[in-house]
There are 2 protein chains.
Amino acid sequence: MKEIEQRLTENGVRPTAMRILIYKYMAESEVAIALTDIENAFAKADRTTLFRTLKTFEQKGVVHQIDDGTGVQKYALCETGCNCELEQDLHLHFHCNNCNETVCLTEHKIPNINLPEGYVAEDANLVLKGICEKCST
Amino acid sequence: MKEIEQRLTENGVRPTAMRILIYKYMAESEVAIALTDIENAFAKADRTTLFRTLKTFEQKGVVHQIDDGTGVQKYALCETGCNCELEQDLHLHFHCNNCNETVCLTEHKIPNINLPEGYVAEDANLVLKGICEKCST
DNA sequence: AATTGTAGTGCAACGGAAGTGCATTTATTA
DNA sequence: TAATAAATGCACTTCCGTTGCACTACAATT
Ligand SMILES: [Mn+2]
Ligand SMILES: [Mn+2]
Ligand SMILES: [Zn+2]
Ligand SMILES: [Zn+2]
């Protein structure tokens with residue numbers, strides 16, 4: 001609990017009660033989280049607050065946003081030491097077509113791609129879709 | 001013009017006037033197209049028709065859908081001979097942060113990734129973001 | 001040519017999700 | 001304690017994708 005407060009403070013995010021709860025919720029999840037998920041988990045809180053919390057977290061490098069192709073923005077905690085704010089920590093994400101969950105594969109970095117003349121890459125997003133470990137057994 | 005009709009027919013899509021126009025429009029574009037783009041180009045036609053045309057095209061392997069991370073679905077014509085319907089023709093896409101346009105880099109295939117035990121990949125999406133060739137000069 | 005059926009089109013409305021303006025509450029600091 | 005700033009809540013908006021249902025154009029069949 002104290003660690004969460006510290007983590008937030010380190011990142012320039014004031015550790016309010018709500019923020020700590022959301023952080024905790026995300027830390028306990030194995031999968032990427034959408035705003036709707038948080039909304040369901042904290043029905044008492046207002047959507048806007050949750051929305052802005054996620055945005056603040058993202059901006060301060062506490063979480064990174066994930067576009068898994070479902071059309072819903074998802075988020076996951078950043079690893080300690082990752083510097084998403086500056087340059088993306090370019091790991092890939094896996095989206096399961098069966099259980100519809102998305103996970104970070106933080107060990108799997110996005111390979112270097114050499115682009116045609118004139119193209120300058122600043123960021124990359126790689127999503128693999130298929131059957132996840134849980135669903136394949 | 002006749003080629004378009006033929007192409008559509010080959011793919012099991014009846015070549016109506018509207019469909020031919022949309023195909024032509026997409027063929028003349030260098031970049032990926034969103035529904036809104038088509039809407040603007042053909043103000044007289046109804047959104048639904050355009051929407052369903054894209055869906056039909058997609059389903060019949062005339063176009064492929066592109067998720068470039070902007071939250072808007074885009075489409076581009078498939079290459080002749082590509083078999084999107086069965087397995088994705090896994091080329092990468094580039095989205096320009098400056099002009100907001102997205103292009104297919106059909107020559108650049110998505111590299112093979114070896115996933116952890118238990119994960120089975122069926123599809124992949126790789127989007128690079130940065131400055132495009134036109135905007136970098 | 002008239003009839004029947006199927007595929008395409010148009011209109012209207014819905015629903016999810018992201019986002020914003022402004023008032024109110026809570027925390028910080030002077 | 002008073003003044004100030006930050007966080008939260010409420011209401012409302014916009015954008016995009018999507019669907020149901022009625023109507024129309026087309027093609028096949030008699
Ligand atoms: Mn991740
Ligand atoms: Mn493409
Ligand atoms: Zn799964
Ligand atoms: Zn550009």
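Numbers restart at 1 for each chain; the letters A, B, ... are given by sequence-line order, proteins then strands. Below, each value reflects all heavy atoms present in this structure, side chains not excepted, and no hydrogens, waters or symmetry copies.
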Can you see whether [X] engages [Y] through a side-chain donor-acceptor pair at a distance of less than 3.5 angstrom?
X: A:Thr102; Y: A:His93; result: no
X: B:Gln73; Y: B:Asp67; result: no
X: A:His91; Y: A:Thr106; result: no

Is any side-chain N or O of [X] closer than 4.0 Å to OP1 or OP2 of [N]?
X: B:Arg52; N: C:dT9; result: no
X: A:Thr49; N: D:dG9; result: yes
X: A:Thr56; N: D:dA7; result: no
X: A:Lys44; N: D:dG9; result: no

May I have the distance from [X] (atom [atom1]) to [N] (atom [atom2]), rounded to whole angstrom?
X: A:Asp46; N: C:dT24; atom1: CG; atom2: P; result: 15 Å
X: B:Leu21; N: C:dT9; atom1: CG; atom2: P; result: 11 Å
X: B:Phe42; N: C:dG8; atom1: CZ; atom2: C1'; result: 17 Å
X: A:Lys55; N: D:dA7; atom1: NZ; atom2: C1'; result: 18 Å
X: B:Leu8; N: C:dG8; atom1: CG; atom2: P; result: 11 Å
X: A:Asp37; N: C:dA17; atom1: CG; atom2: C1'; result: 13 Å
X: A:Leu35; N: C:dA17; atom1: CG; atom2: P; result: 9 Å
X: A:Glu39; N: C:dG19; atom1: CD; atom2: C1'; result: 13 Å

Nearest to the side chain of [X], which nucleotide is it out of [options]?
X: B:Thr36; options: D:dT19, D:dT8, D:dC16; answer: D:dC16
X: A:Met18; options: C:dA17, D:dT8, D:dC16; answer: D:dT8
X: B:Arg14; options: C:dG19, D:dG9, C:dA7; answer: C:dA7
X: A:Gln73; options: C:dG19, D:dT19, D:dA7; answer: C:dG19
X: A:Thr16; options: D:dT8, D:dC16, C:dA18; answer: D:dT8

| said: Check this for me: does the side-chain of B:Thr48 come within 3.5 Å of the base of C:dC11 through a donor and an acceptor? | reply: yes
| said: With a 6.0 Å cut-off (strictly less than), is the heavy-atom count around NZ of B:Lys24, excluding the residue itself, greater than 12? | reply: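 Counting other residues, nucleotides and ligands, NZ of B:Lys24 stays at 12 neighbours or fewer.
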| said: For A:Asn112, is the CG atom crowded, meaning more than 12 foreign heavy atoms sit under 6.0 Å from it? | reply: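 No, the 6.0 Å shell around CG holds no more than 12 heavy atoms from other groups.
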| task | Could you pick out which residue, A:Leu50 or A:Arg47, lies toward the 5' side of DNA chain D when each is mapped onto its nearest nucleotide? | result | A:Leu50
